[in-house]
Engineer: 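Following this message is one structure expressed as structure tokens.
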Protein chains: 2
Amino acid sequence: MARSTRWTRQREAVLEAIQQAKKHLTAQEIYHRVRQRLPGIAYGTVYNSLAYLREAGLVREVKLGDGPVLYDKRTDRHDHLCCRRCGVVLDYKVPHLEQLLKRVRRETDFQVESAHVLFEGLCPDCQRSRDEEEQ
Amino acid sequence: MARSTRWTRQREAVLEAIQQAKKHLTAQEIYHRVRQRLPGIAYGTVYNSLAYLREAGLVREVKLGDGPVLYDKRTDRHDHLCCRRCGVVLDYKVPHLEQLLKRVRRETDFQVESAHVLFEGLCPDCQRSRDEEEQ
DNA sequence: ATGGATGCAAACAGTTTGCAACGAC
DNA sequence: GTCGTTGCAAACTGTTTGCATCCAT
């Protein structure tokens, strides 16, 4: 239970890196981007900042099962599509998820609080690449 | 692309450990259980066996985002409930998932092939523990 | 007898931790 | 001035890899 209070240049820079990115970033990618503004920042500080920002509800973690955790500027509940060939990640919000949660609560003894849905398949680019290879 | 062909004592023992377990096992748990039958087996061999069994469709990996991969004797498509307090994992099959896949295919450019749903909440035991603490 | 699988150990990736020095409050 | 945060490095967990030996075919 960290009782984090201080707003530092490092935390600000990490938050901005995530908010300015056009895609979901790994801690490593954040580290390299933030280093251009704060060349002295340490890896540990990036992780510390990410934990702080997550607890503060300013960013969200995305865990895909494979590879490192991704950091997402979008903080509302949503789901993801992941390309099994190139790994690109897109947002997608499963509709009426609350209905499914109610159903699971009814059918099981679990007090279900949330759900994460991960779709896997081929992104548009990789569909094209595969089509070309097959010709 | 490994072209695995040989059925060894080690692979048989790893498969049986998974099939006899009443819960999903980590590689470490499998290692310790198999060691009672084959005391000489190496960690690397457990991982090798698990990769073989997964490719052969005899076991399934369960990735919960946190912690090590779990191995599941159930090989049909299904989903999981995970307790956020004690980590216990239960199976649950989301109904009509194919309908949702079709919808996602329609609404996105992705060629969606599969989905994994992870529900989080409190298992019955942890609901009880929490109720006691609050009294 | 062949070469895929094993046992062992070292390497690896991602993340966390310990601690003295620093800086936000 | 306090004490939470930083930078640095070492530790840690889970998994993969390299290689000589072994054994399933």
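In the text below, chain A, chain B and the rest are named by the order of the sequence lines, each starting its count at 1. This structure is a prediction, so every number in the text was calculated from the model and none was measured.
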Engineer: Let me know the distance between OH of Y71(A) and P of dG14(C), rounded to the nearest Å.
Structural biologist: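 In whole Å, dG14(C) P lies 12 Å from Y71(A) OH.
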Engineer: Between G67(B) and G44(B), who's closer to the 5' end of DNA chain D by nearest nucleotide?
Structural biologist: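 Per heavy-atom nearest nucleotide, the more 5' residue is G67(B).
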Engineer: OP1 or OP2 of dT16(D) sitting under 4.0 Å from any side-chain N/O of Y47(B)?
Structural biologist: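 The answer is no; no side-chain N or O of Y47(B) sits under 4.0 Å from OP1 or OP2.
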Engineer: Examine dA5(C): is either OP1 or OP2 under 4.0 Å from a nitrogen or oxygen in the side chain of R11(B)? Give yes or no.
Structural biologist: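 True: R11(B) side-chain N/O within range (under 4.0 Å) of dA5(C) OP1/OP2.
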Engineer: The test is salt bridge (charged side-chain N to carboxylate O under 4.0 Å, His left out); show your working for E98(B) and R103(B) and say whether it passes.
Structural biologist: CA-CA 9 Å; E98(B) 193 50 47; R103(B) 177 174 187 154; over 6 Å; no
Engineer: Using only side-chain N and O atoms of T8(A), determine if any of them is under 4.0 Å from OP1 or OP2 of dT5(D).
Structural biologist: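 Checking dT5(D) against T8(A), no side-chain N or O comes under 4.0 Å of OP1 or OP2.
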Engineer: What nucleotide among dG7(D), dT15(C), dT15(D) has an atom nearest to a side-chain atom of P68(B)?
Structural biologist: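 Among dG7(D), dT15(C), dT15(D), the one nearest the side chain of P68(B) is dT15(D).
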Engineer: Just how far, in rounded Å, is P of dT6(D) from OH of Y52(A)?
Structural biologist: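 Roughly 10 Å, once rounded to whole Å.
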Engineer: Do Y71(B) and E29(B) have side-chain N/O donor and acceptor atoms under 3.5 Å apart?
Structural biologist: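 Short answer, no.
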Engineer: Please check the phosphate of dG4(C) (OP1 and OP2 only) for any side-chain N or O of T5(B) closer than 4.0 Å.
Structural biologist: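 For dG4(C), neither OP1 nor OP2 has a side-chain N or O of T5(B) closer than 4.0 Å.
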Engineer: Do D79(A) and H116(A) pair up side chain to side chain, a donor and an acceptor below 3.5 Å, judged on atom types alone?
Structural biologist: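 There is no such pair (donor and acceptor under 3.5 Å, judged by atom type) between the side chains of D79(A) and H116(A).
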Engineer: How many Å lie between OH on Y43(A) and P on dC8(D), as a whole number?
Structural biologist: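 For the pair Y43(A) OH and dC8(D) P, the rounded distance is 14 Å.
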Engineer: Using atom CD of E29(B) as one end and atom P of dG14(D) as the other, report the distance to the nearest whole Å.
Structural biologist: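 Between P of dG14(D) and CD of E29(B): 10 Å.
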Engineer: Between atom CD1 in I41(B) and atom P in dG7(C), what is the gap in whole Å?
Structural biologist: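 My rounded result for the distance is 6 Å.
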Engineer: Can you tell me how far P of dG7(C) sits from CZ of R35(B), to the nearest Å?
Structural biologist: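 Going from CZ in R35(B) over to P in dG7(C) covers 9 Å.
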Engineer: For N48(B) and dT21(D), give me the distance from atom CG to atom P, rounded to whole Å.
Structural biologist: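 About 20 Å, once rounded to whole Å.
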Engineer: Ignoring hydrogens, what is the shortest heavy-atom contact between L64(B) and C82(B)? Give both atom names and the distance.
Structural biologist: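 Looks like CD1-SG, 4.1 Å.
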Engineer: Under 4.0 Å from OP1 or OP2 of dG23(C): is there any side-chain N or O of Q10(A) that close?
Structural biologist: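 For Q10(A), the contact criterion (side-chain N or O under 4.0 Å from OP1 or OP2 of dG23(C)) is not met.
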Engineer: Looking only at non-hydrogen atoms, find the nearest pair between L122(B) and C83(B) and report the distance.
Structural biologist: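 Smallest heavy-atom distance, with atoms named: CA-SG, 4.0 Å.
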Engineer: Tell me the interatomic distance from Y31(B), atom OH, to dT13(D), atom P, rounded to whole angstroms.
Structural biologist: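 Distance, rounded to whole Å: 15 Å.
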Engineer: Where the side chain of R6(A) is concerned, which of dC3(D), dG14(D), dT15(D) is the nearest nucleotide?
Structural biologist: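 Nucleotide nearest to R6(A)'s side chain: dC3(D).
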Engineer: Counting side-chain heavy atoms from C-beta on, which of dA24(C), dT5(D), dG14(C) comes nearest to Q28(A)?
Structural biologist: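 Nearest to the side-chain atoms of Q28(A), counting from C-beta on, is dG14(C).
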